[in-house]
Number of protein chains: 2
Amino acid sequence: MKLITRNTDYALRAICYISIHQRIVSVAELVRVLGVPQPFMRKILQKLNQQKILQSFKGSNGGFKLKISPHKISIIKIMRIFQGRIGINGCFLKKDICPNRGKCVLRKKIQSIEDNVIRQLTQINIAALV
Amino acid sequence: MKLITRNTDYALRAICYISIHQRIVSVAELVRVLGVPQPFMRKILQKLNQQKILQSFKGSNGGFKLKISPHKISIIKIMRIFQGRIGINGCFLKKDICPNRGKCVLRKKIQSIEDNVIRQLTQINIAALV
DNA sequence: GGTTAATGATACCACAATAGTATCATTTGT
DNA sequence: ACAAATGATACTATTGTGGTATCATTAACC
Ligand code: FES
Ligand code: FES
């Protein structure tokens, strides 16, 4: 059970760094500071640009800066970008959804745990981390 | 993020079924009822036997029955059998543990979420599900 | 205007975990 | 003896994660 993957982890750290420095930061600099493989970091930042978390600047002296306020960047938002839908799969039978679904006790309990986790991850934002 | 894998899911359902019927149940029967591939189900039950959750009976009319009380079978116990150590990896840099580890805010927050999840999973047992 | 330093887009590769199959040996009731 | 069950073990397939590699595009600077 891995709640946070490397993608997300690196993304969070990069965003934190950029958030602290409040300027355009290049991949090269992030790689130097965070010790992450460059092409991987690039891919991550490109995605954050596409998702409008960061804004990119091309050309010499280019790089990335925050596009939205650090208060508005929750951990769950970043997780969803890199890890897709955050949903604990309770009880699926192959591709068909279990017929008991409505009644199933296990599902309900797991669901409530999941809701808790998501609520907490939603509350943590970048501003709270830096 | 998958909290529960198929292994665990099938195992829980099998245990529930056996728990309800309170007798020796064969793989063939479980497969019929739960619609799970037979060899896979066998592998799962064999592991539960090894871990002393179930007790197996060989030979004709053989099968599996519970070895311990359903109250003592928590979800987390089954998860640990099939999914190994349940630990959210906060922030590792490659293989070295991050030097900030003690201070890192992210890690602390994630850790507390993890503790919650585990506490809740520990409280849910088979008796509560059936 | 050309060079250089940056990102954009995309395709590819490697590894590990999950999910499942296949086979043969062993036990036990009839 | 035979059939019906599990034990043990090795193998295969699929998917997700964690990357790499390459070429195109943009923009500052001389
Ligand atoms: S057994 Fe199907 S939803 Fe729980
Ligand atoms: S950055 Fe290393 S433990 Fe959080």
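The structure presented is a predicted model; accordingly, all values stated were derived computationally and were not measured. So you know, we letter chains A, B, ... as the sequences are listed, proteins then strands, and number each from 1.
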(request) Specify the closest pair of heavy atoms between B:A14 and B:L45, including all atoms of both residues, with the distance to one decimal. (result) CB-CD2, 4.1 Å

(message) Under a plain distance cut-off of 3.5 Å, with no hydrogens placed, do A:N116 and A:Q120 share a side-chain donor-acceptor pair?
(response) no

(request) Answer whether the closest heavy-atom distance between the side chains of A:I18 and A:L30 falls below 4.5 Å. (result) yes

(request) Report the distance from atom CZ of B:F40 to atom P of C:dT23, rounded to the nearest whole Å. (result) 19 Å

(message) With a 4.5 Å cut-off on side-chain heavy atoms, are A:I75 and B:L106 touching?
(response) yes

(message) I need a per-nucleotide contact map over nucleotides 11-17 of chain C, read 5' to 3'. Cutoff is protein heavy atoms under 4.0 Å; write B for the base, S for backbone only, - otherwise.
(response) -------

(message) Check the phosphate of C:dA19 against B:T5, side-chain N and O only, distance under 4.0 Å to OP1 or OP2. Yes or no?
(response) yes

(request) Select one nucleotide: of D:dT20, C:dA22, D:dG18, the one nearest the side-chain heavy atoms of A:P39. (result) D:dT20

(request) Using whole Å, report how far CD1 of B:I44 lies from P of D:dA8. (result) 16 Å

(request) Give, for atom NZ of A:K72 and atom CD1 of A:I126, the distance between the pair rounded to the nearest 0.5 Å. (result) 14.5 Å

(message) So which atom in B:V105 and which in A:A128 form the shortest heavy-atom distance, rounded to 0.1 Å?
(response) CG1-O, 3.9 Å

(message) At a heavy-atom distance below 4.0 Å, what parts of residues 14-30 of chain A sit against DNA chain D?
(response) none

(request) Return yes if some donor-acceptor pair links the side-chain N/O of A:Q38 with the main-chain N/O of A:V31 below 3.5 Å, else return no. (result) no

(message) Let me confirm one number: the CD1-CD distance from A:I113 to B:Q123, rounded to the nearest 0.5 Å.
(response) 9.0 Å

(message) If I take atom CZ in residue A:R85 and atom C1' in nucleotide D:dG16, what distance separates them, rounded to the nearest angstrom?
(response) 18 Å

(message) Rounded to whole Å, how long is the line connecting atom CG of A:N7 with atom P of D:dT20?
(response) 13 Å

(request) For DNA chain C, find the residues of residues 46-55 of chain B with a heavy-atom distance under 4.0 Å and give them by number; none if there aren't any. (result) none

(request) Can you check each nucleotide of nucleotides 24-30 of chain C against protein heavy atoms at under 4.0 Å and return B for base, S for sugar-phosphate only, - for none, in 5' to 3' order? (result) --BBBSS

(message) With rounding to the nearest 0.5 angstrom, report the CD to CD1 distance, A:E114 to A:I110.
(response) 9.0 Å

(message) When you compare the side chains of B:Y17 and B:R13, does any donor N or O come within less than 3.5 Å of an acceptor on the partner?
(response) no

(request) Would you check if A:R42 and A:Q46 make a side-chain contact, meaning some heavy-atom pair closer than 4.5 Å? (result) yes

(request) Verify the contact: side-chain N or O of B:Y10 to OP1 or OP2 of C:dA19, cut-off strictly under 4.0 Å; return yes or no. (result) no

(request) Measure across A:L121 and A:S74 and return the closest heavy-atom pair with its distance rounded to 0.1 Å. (result) O-CB, 4.0 Å

(request) Answer yes or no: is there a donor N or O on one side and an acceptor on the other, between the side chain of A:T8 and the main chain of A:I4, under 3.5 Å? (result) no

(request) Could you check how far CG of B:L45 sits from P of D:dA5, rounded to whole Å? (result) 14 Å

(request) Could you tell me the separation between the CG atom of A:L12 and the CD1 atom of A:I78, rounded to the nearest 0.5 Å? (result) 6.0 Å

(request) Quick one: the dot-bracket string of DNA chain C, using Watson-Crick and G-U wobble pairs with both distances under 3.5 Å, [ ] for crossing pairs and | for bases paired to another strand. (result) ||||||||||||||||||||||||||||||

(request) Report the residue from A:I15, A:N125, A:I124 that forms a side chain to side chain contact (heavy atoms under 4.5 Å, CB included) with A:I73. (result) A:I15

(request) Starting from C1' on C:dT21, measure out to CZ on B:R6 and report it in whole angstrom. (result) 15 Å

Give the table of side-chain donor-acceptor pairs shorter than 3.5 Å for residues 48-70 of chain B, with sequence neighbours excluded, one pair per line with atom names and distance.
| residue | atom | partner | partner atom | Å |
| --- | --- | --- | --- | --- |
| B:N49 | OD1 | B:S56 | N | 3.2 |
| B:S69 | OG | B:H71 | N | 3.0 |

(request) Take the protein atom CG of A:L34 and the nucleotide atom P of D:dG19, then report the distance between them rounded to whole Å. (result) 14 Å

(request) Can you tell me the distance, in whole Å, between the NZ atom of B:K65 and the P atom of D:dA5? (result) 19 Å

